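The structure under discussion appears below in the form of structure tokens.
Chain A is the first sequence line, chain B the second, and so forth, proteins listed ahead of strands; every chain is numbered from 1. No experiment lies behind these values; they were computed from the predicted model shown. No hydrogens, no waters, no symmetry mates; every other heavy atom, side chains included, goes into these values.
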Amino acid sequence: MLNRVHIKDIVSEDGKQILIKSSIQTIREQGKIVFLILRDISGICQAIVKEGSSEFDCAKRLTIESAVEISGIVKTTKNTEKGYEILVEGIKILNESATPLPIPVVEKGDIVTTEKRQDNRFLIWRREKESLILKIVSQLDSSYRNFLLGENFIEIHTPKLMPSPSESSAELFELEYFDRTAYLAQSPQLYKQMAISSGLERVFEVGPVFRAEKSQTNRHATEFVSYDVEMGYIDNFEEVLVMLENLVKSILESINERYSEEIKLHYGVENFTFSSKIPRLTMAEAKSILKERGLDISDDDLSTAEEKAIGDYVKEKYDHDFVFITDYPTSCRPFYHKRKNDDITASSDLIYKGVEIVTTAQREENYETLLEQLNDKGLEQKPMQWYLDFFKYGCPPHGGWGFGASRLIMNLLGLESIRDVSFLYRSPTRLTP
RNA sequence: GGAGUUGUAGCUCAGUUGGUUUAGAGCGUCCGCCUGUCACGCGGAAGGUCGCGGGUUCGAGUCCCGUCAAUUCCGCCA
């Protein structure tokens, strides 16, 4: 029995016996010869069955997207792009596909609507172009992890069931927890700060977070994966920004190294890494630039339109896709952000192609100050006391971030919605499949 | 939370100021033909309670009201 070979590993060597396990992507029947396009996770190739072959009738009865095991020999040819095709000797149907498909796996001009793409996730990921997204996300995961492990971070896993809110602003999912109420974590924020107080010095987490916001946009989900970091014993906020910049750079380089060709082929995107430093603007600077450019600007936070405009400005002026907006007003930041003064926090958003992808800040580690800031935001002390206690016993100065990596991938590939980057997307109106 | 748009065949969409018996097209599916296809080609067939409920009218896919679903933008955020 031959060992299975992945399609991308087939060597164009005349007469070599091979075994492929794949889906049948296309069947082109042509009288006395049947052309099959086979697809596995690594790629596609052509196989042929001629009249007279014992499998000729079987080949004609196949349905597209059936799972099969194909044995045959490699035959070099000028008739295919790859320079070879498989002369089929045996077909074993592992599982037949029903017809017709609810949505086409291979599109012929018409683009399946967003709704159908979500309804039929299992077929969407069969597409080469789409499965590349998951490969890129996986590459991002591993480079995120490798980079931070290399910087002596410890990976932790915090609970997603919580006794009280983890952020003040966003809406919470409530659930029955035996005889009381629990909440789904909106962020690992409070727990990763506990890890700093615990003396772990540098921690990170990649995990799901939940937001009960009825946001109907192309970049929000009610459940998404947050890429978090918290680093202790920092001398200043600058250290956090530098760490983040180097990390993002390293992620893009690793994606580029492994998938640049496929990304160019399927998405037409090139040169997405960067070498020059990420430009920085304070919030006040950003606002005044926007004002000069004639935008009707708002008072505190950047609106969606303003973020876009700043992205365009930075692209024009610095030829950079990224920009740090620093010195956010205290009014639009949570109570635990460290304040430079009454009005301004030591915090920043990283904007990529005009979209917010990371929020980062130094945290307030002094118990008394933290308490004041909590009161200042009109929050109750009692339900948060378990958290406040972390800071009573010598918690080191620290800072970190929450990174929405799917937004990075979405904008990197020029996709229209975060739905298309999500293995399964969750929104206020989408809970299936 | 606010504003808009769209629901017609498995998919993507036409469907005129309401008016022809059987609501169309392309793709897909099924059947037949084809020895080099590669969006194969050619011939044929099946496939629809026009999202759902009410109303106006001699007559509604088309107009009105309600409802459900999806979707886009804003706000909020990652």
Side-chain angles (χ1 to χ4, degrees), chain A residues 25-37 44-53 56 60-61 63-65 75 77-82 85 87 97-120 123 167-171 186-189 206 208-228 298 300-308 328 332-334 349-352 355-360 401-411 416-419 421-422 427-430 432:
Chain A
Q25 178 165 289
T26 305
I27 302 166
R28 278 190 281 269
E29 214 187 304
Q30 236 230 295
K32 295 180 178 170
I33 182 165
V34 178
F35 296 92
L36 304 173
I37 306 299
I44 60 172
C45 72
Q46 175 168 291
I48 60 166
V49 191
K50 291 185 175 176
E51 191 180 37
S53 158
F56 187 64
K60 290 207 284 189
R61 282 199 315 273
T63 56
I64 57 168
E65 291 306 319
K75 189 167 157 282
T77 173
K78 284 176 183 169
N79 289 330
T80 67
E81 232 174 78
K82 301 197 172 193
E85 63 192 1
L87 196 56
S97 171
T99 60
L101 296 165
I103 60 165
V105 170
V106 178
E107 280 175 339
K108 294 189 176 175
D110 296 325
I111 309 292
V112 174
T113 53
T114 305
E115 185 184 5
K116 301 284 189 221
R117 286 205 300 275
Q118 290 306 314
D119 287 340
N120 297 283
L123 289 176
E167 305 257 358
S168 55
S169 51
E171 304 257 339
Q186 299 160 308
S187 153
Q189 183 58 37
V206 176
V209 295
F210 307 88
R211 311 254 167 116
E213 291 282 353
K214 287 192 175 173
S215 298
Q216 289 287 10
T217 76
N218 67 338
R219 62 194 183 284
H220 285 84
T222 48
E223 176 180 351
F224 65 95
V225 178
S226 181
Y227 293 67
D228 274 83
S298 58
D300 36 48
D301 206 350
L302 289 175
S303 70
T304 303
E306 289 168 359
E307 276 177 7
K308 278 200 185 90
Y328 269 70
C332 53
R333 290 307 209 195
D349 275 6
L350 179 59
I351 291 179
Y352 176 54
V355 177
E356 187 179 329
I357 63 166
V358 185
T359 294
T360 175
W401 64 72
F403 172 19
S406 42
R407 286 188 177 178
L408 176 77
I409 302 301
M410 164 190 165
N411 288 295
E416 280 177 14
S417 172
I418 202 164
R419 292 164 177 76
V421 189
S422 311
S427 79
T429 54
R430 167 70 64 177
T432 51

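You won't find any donor-acceptor pair under 3.5 Å spanning the side chain of A/S215 and the base of B/C77, going by distance alone. Judged by distance alone with a 3.5 Å cut-off, a donor-acceptor contact links the side chain of A/E85 to the base of B/G36. For A/E29 against B/U37, no side-chain N or O and base N or O form a donor-acceptor pair under 3.5 Å.
Looking at heavy-atom distances under 4.0 Å, A/D301 makes contact with sugar-phosphate atoms alone, never a base. When heavy atoms are screened at a 4.0 angstrom cut-off, A/R419 is found touching the sugar-phosphate backbone but no base atom. Within the 4.0 angstrom heavy-atom criterion, no nucleotide atom of any strand lies near A/E107. Across all strands shown, A/T217 has heavy atoms under 4.0 Å from base atoms, whether or not it also approaches the sugar-phosphate. Residue contacts for A/V355: at a heavy-atom cut-off of 4.0 Å it reaches no nucleic acid atom on any strand shown.
Judged by centroid separation below 5.5 Å and plane tilt below 30°, A/F224 stacks onto the base of B/A78.
Base pairing of B/C73: its partner is B/G2, meeting the Watson-Crick or G-U wobble criterion (both donor-acceptor distances under 3.5 Å). Pairing for B/G7 is with B/C68, a Watson-Crick or G-U wobble pair whose two hydrogen-bonding atom distances lie under 3.5 Å. Pair check for B/C34 finds none; no Watson-Crick or G-U wobble contact set falls under 3.5 Å.
Taking atom NE2 of A/H220 as the reference point, atom C1' of B/U71 lies 17 Å away to the nearest angstrom. In this structure, CG of A/L123 is placed 14 Å from P of B/U29, rounded to the nearest angstrom. A straight line from CZ of A/R407 to P of B/C76 spans 12 Å, rounded to a whole angstrom. In this structure, A/D110 places its CG atom 10 Å from P of B/C27, rounding to the nearest Å. As a whole-Å value, the separation of A/K75 NZ from B/U37 P is 13 Å. With rounding to whole Å, A/E115 atom CD is found 9 Å from B/G7 atom C1'.
Nucleotides B/U29 and B/C76 have their C1' atoms positioned 46 Å apart, rounded to a whole Å. Atom name C1', nucleotides B/G10 and B/G4: the rounded distance is 30 Å, in whole Å.
Side-chain N/O atoms of A/K308 include one lying less than 4.0 angstrom from OP1 or OP2 on B/C74. The phosphate of B/A78 has OP1 or OP2 within less than 4.0 Å of a side-chain N or O from A/T359.
When only modelled atom types and interatomic distance are considered, A/S422 and A/R430 share no side-chain donor-acceptor pair under 3.5 Å.
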